[in-house]
Amino acid sequence: MPDIAQPGRTLPADESPNTDTRTYGPASTPTHPLATAPVGTPPFSVDGFVREFLHELNTNQGVTLSRSSVNDQYLALASTVKNYLMARWLETNRKTREAKVKTIGYLSAEYLLGRQLGNALLATDLNDIARQGLELCGLDLPTLRAQEVEPGLGNGGLGRLAACFIDSMATMDVPSIGYGIRYEYGIFRQTFVDGRQVEQPDTWLALGSPWEFPHPEAAVRVDFGGHTETYVDDDGRERCRWIPAWNVLGVPYNYMVPGYLNGRVNTLRLWSAQATKAFDLQIFNAGDYAQAVRAQTFAENISKVLYPEDSTPQGKELRLQQQYFFVACSLRDFLDNELEEGFDLHHLSERIIFQLNDTHPVIAVPELMRILMDEKGFEWEEAWEVTKSCFAYTCHTLLPEALEVWSTELLGRLLPRHLEIIFGINERFLKEVRAAFPGDEMRARRMSMIAEYPEQGVRMAYLATVAGTKVNGVAELHSQLLRDKVLPDFSQLWPDKFTNVTNGVTPRRFVRMANPKLSELITDAIGSNWVTDLERLKELEPYADDPEFQARFSEIKAWNKKRLTDLLRQRDGIDLPSGHLLDVMVKRLHEYKRQSLKLLHIVSLYERVLSGTLAVEDLTPRTVVFGAKAAPGYRMAKDTIHLINKVAKVINADERLEGRLKVAFPANYNVTLAEKLIPAADLSEQISLAGMEASGTGNMKFALNGALTIGTDDGANVEIRRLVGDKHFFLFGMSEPEVAELGAKGYTPGSYYESNPQLKAALDLILSGEFSEGDRHMFDSVVYNLLHQDRFMALADFQSYIDAQARVEAKYADEAAWTRSAILNVARTGYFSSDRSMRDYLQRIWHTTPMI
Ligand code: 26W
């Protein structure tokens with residue numbers, strides 16, 4: 001760490017950034033009539049569009065149409081749409097500021113946004129005009145859309161959920177700001193080399209990002225390190241202050257979050273780290289220019305890269321820096337820039353609720369305490385009253401290893417004042433516990449925010465639970481397990497604090513945009529209101545038995561498969577056969593999600609054909625598609641990817657299968673690919689061990705697009721099955737209580753291998769070297785892990801899974817019955833709109849109503 005600031009040294013005015021952001025507007029009263037009016041909306045006829053587009057091409061890109069690259073054209077189109085949205089954005093900000101209503105501050109370290117252009121065109125109803133206008137210019141809208149590189153600023157479910165939620169809030173007129181980090185490199189680009197995952201940096205900013213509005217003049221300073229000291233203030237009160245050792249700047253980058261056809265545009269504000277002037281000037285002045293530049297790089301590292309770990313926290317210093325960095329910027333921003341000057345912070349909860357998206361932003365709790373006490377002069381009790389009413393916490397996991405614990409050594413070094421405050425919160429909290437449960441010292445120990453083993457650390461989930469007005473899980477089963485198994489002591493102390501909000505997905509991106517043909521069919525049948533009122537899909541139920549509707553529905557599925565086939569051919573050189581059952585498993589690679597179980601099914605089918613127990617003509621023509629990234633340091637996950645690719649290679653080349661079984665694993669599964677893959681799927685694989693997947697959101701997207709689910713009783717699958725009905729869902733595997741029982745009894749995976757000949761044959765085939773050019777040991781790690789450990793009980797659920805797959809095949813053979821079930825899946829899953837999730841948050845957690 002460079003030594004860049006003297007402890008306690010205040011920055012001279014000329015070294016400080018101009019953060020005087022409360023001074024807005026011109027110095028004297030404007031007299032020109034246009035100066036007081038908001039920007040006008042360009043008149044968007046096709047002609048107007050063409051004029052605006054060419055203007056952008058000429059003035060922004062500096063090229064004529066005839067000399068423009070596709071990237072120029074894409075950027076000019078993006079600007080044109082942005083300009084159209086601009087008046088609405090400014091108006092939304094003005095209205096919200098004036099109304100002084102409660103805002104939702106969504107704090108999330110990840111936003112997995114996906115491409116922006118298509119969504120912006122949809123929200124503004126500009127698709128037709130843009131298509132026609134571009135045609136007049138000799139250009140093709142889909143080609144320009146394909147030019148966009150998606151901002152992959154998230155790992156998986158948690159980040160995509162945040163993106164769906166901000167879309168819903170904008171569409172429902174809820175004043176909200178999403179706060180997060182503008183990573184320079186998002187989730188890595190996955191490539192395969194000899195079937196193994198190789199990560200490449202994601203250079204999403206390389207060709208320019210037209211959707212962001214940087215505001216370097218509004219940068220915020222964030223302090224780190226140093227020490228604390230006590231002093232006596234002018235009123236004779238003993239107070240504490242933090243003397244930091246170094247600091248960085250957070251530069252806000254604003255993104256538009258357009259509501260669907262409602263003229264509202266909310267803001268997503270992502271922070272980018274920059275060196276402070278003080279940072280480098282001081283060293284520069286000391287004559288070491290190279291060191292000054294290094295210091296700059298050091299500061300900017302903070303927002304350089306998204307950690308690609310999904311669910312196993314690494315406890316890395318830089319990650320804690322990222323968390324504090326974005327949270328400190330966001331609180332400062334809200335208090336200084338979103339609230340009017342002189343606002344009485346005792347009433348802060350009337351104006352903001354910060355929703356903590358998992359524990360990643362929990363350091364915001366001691367940060368708000370610090371600001372209120374050390375900067376605003378609040379007493380502890382006063383500050384705590386305010387703080388505990390301004391946060392709510394959503395938990396997204398059940399895996400014990402995914403719960404963040406920060407070592408006190410690291411916290412104390414990086415954020416000494418915050419660690420003191422955490423100890424203070426814990427001490428008072430434990431007093432409360434001891435008062436509520438006198439004599440139960442074990443309970444107090446269990447509930448302490450400070451863990452003592454294996455090293456002293458802060459349990460961030462406990463801190464979030466104590467500070468939050470509410471704690472929620474993300475599906476009914478998950479919320480119940482959270483209450484009963486993860487935080488039982490807390491739910492006994494505060495039963496009313498715990499609630500459930502089942503996740504949802506935005507129907508705009510995942511149905512309307514991703515599946516335009518199905519959307520048209522639905523609108524033809526029931527009108528177009530379903531896009532913002534998804535429960536209306538229920539009105540499709542009568543059509544499930546209508547042969548004409550069924551025929552159109554099947555045609556659309558076939559069209560979506562064709563679209564996917566074309567994409568995978570040009571994207572990956574993969575050839576999908578036609579007329580197959582398309583069986584899709586896309587999600588992060590994790591043992592608990594059990595991609596290995598899916599693989600055992602495939603290998604078993606293959607083995608049965610090879611051994612003659614299954615006649616090839618009895619094989620249902622099936623293509624299995626996998627999409628999955630493994631955390632770069634997660635060995636077992638990476639070995640599983642390798643094995644899937646090797647199995648795919650052998651099976652795809654084996655002519656004995658007569659092309660009836662294919663395995664495709666396109667690399668780099670992301671939101672853009674999901675939008676093409678999900679609408680094409682027949683079968684959705686949701687096969688985690690019961691009690692492990694908090695919710696899942698892919699499961700909802702598939703059902704809404706008319707895929708049938710094969711799944712365990714886990715996460716939101718439970719609710720999907722209840723809504724669509726048992727006949728239209730392929731349930732298999734142990735229930736969560738059965739899992740718990742087997743675990744308590746002692747699980748021995750080897751006994752399943754010994755007693756199940758089909759399972760034994762499949763595993764033996766892998767061990768024989770069949771998929772590894774005769775190398776019998778290449779996949780020892782995966783196979784022996786299953787045989788001797790199998791933490792997620794894949795072998796125990798194997799037979800039940802195979803049986804359920806047989807039911808899938810029987811049903812698929814009856815085309816009308818399958819289509820009927822698929823239509824009913826669409827009709828009955830309107831509940832899983834993220835609009836409904838937002839309504840639940842508004843009622844159960846935020847206690848506010850949308851602003852009209
Ligand atoms: C590195 C630390 C860490 C720990 C947890 C990183 C990321 C996490 C997340 C909580 C993992 C995650 O994305 N959880 C998923 O959240 C989705 C949205 O609620 C759920 O649908 C998924 O079931 C859950 O796995």
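One-based numbering, in listed order, for ligands and for the atoms of each.
A perpendicular orientation is assigned to the rings of H418 and Y324, their planes being inclined by more than 60° (bins at 30° and 60°).
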Using residues 702-711 as the side-chain source, report each donor-acceptor pair under 3.5 Å to any protein atom, sequence neighbours left out, with the distance given to one decimal.
{"residue": "N705", "atom": "OD1", "partner": "N515", "partner atom": "ND2", "Å": "2.9"}
{"residue": "N705", "atom": "ND2", "partner": "F510", "partner atom": "O", "Å": "2.9"}
{"residue": "N705", "atom": "ND2", "partner": "K701", "partner atom": "O", "Å": "2.9"}

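Between A631 and R588, the closest heavy-atom pair is N-NH2, 3.5 Å.
Legend: ring pair (Phe, Tyr, Trp, His ring centres under 6.0 Å) pairs involving residues 451-480, not counting sequence neighbours, sorted by first then second residue: Y462-F490.
Under 4.0 Å from any atom of ligand 1, one finds heavy atoms of residues G157, L158, L161, E309, D310, S311, T312, P313, R319, D358, H360, H396, A402, V474, N503, Y592, E693, A694, S695, G696, T697.
Put simply, the side chain of S834 gets close to the backbone of V505: a donor and an acceptor are under 3.5 Å apart.
T848 is linked by a side chain to side chain donor-acceptor pair (under 3.5 Å) to nothing, counting only residues two or more places apart in sequence or in another chain.
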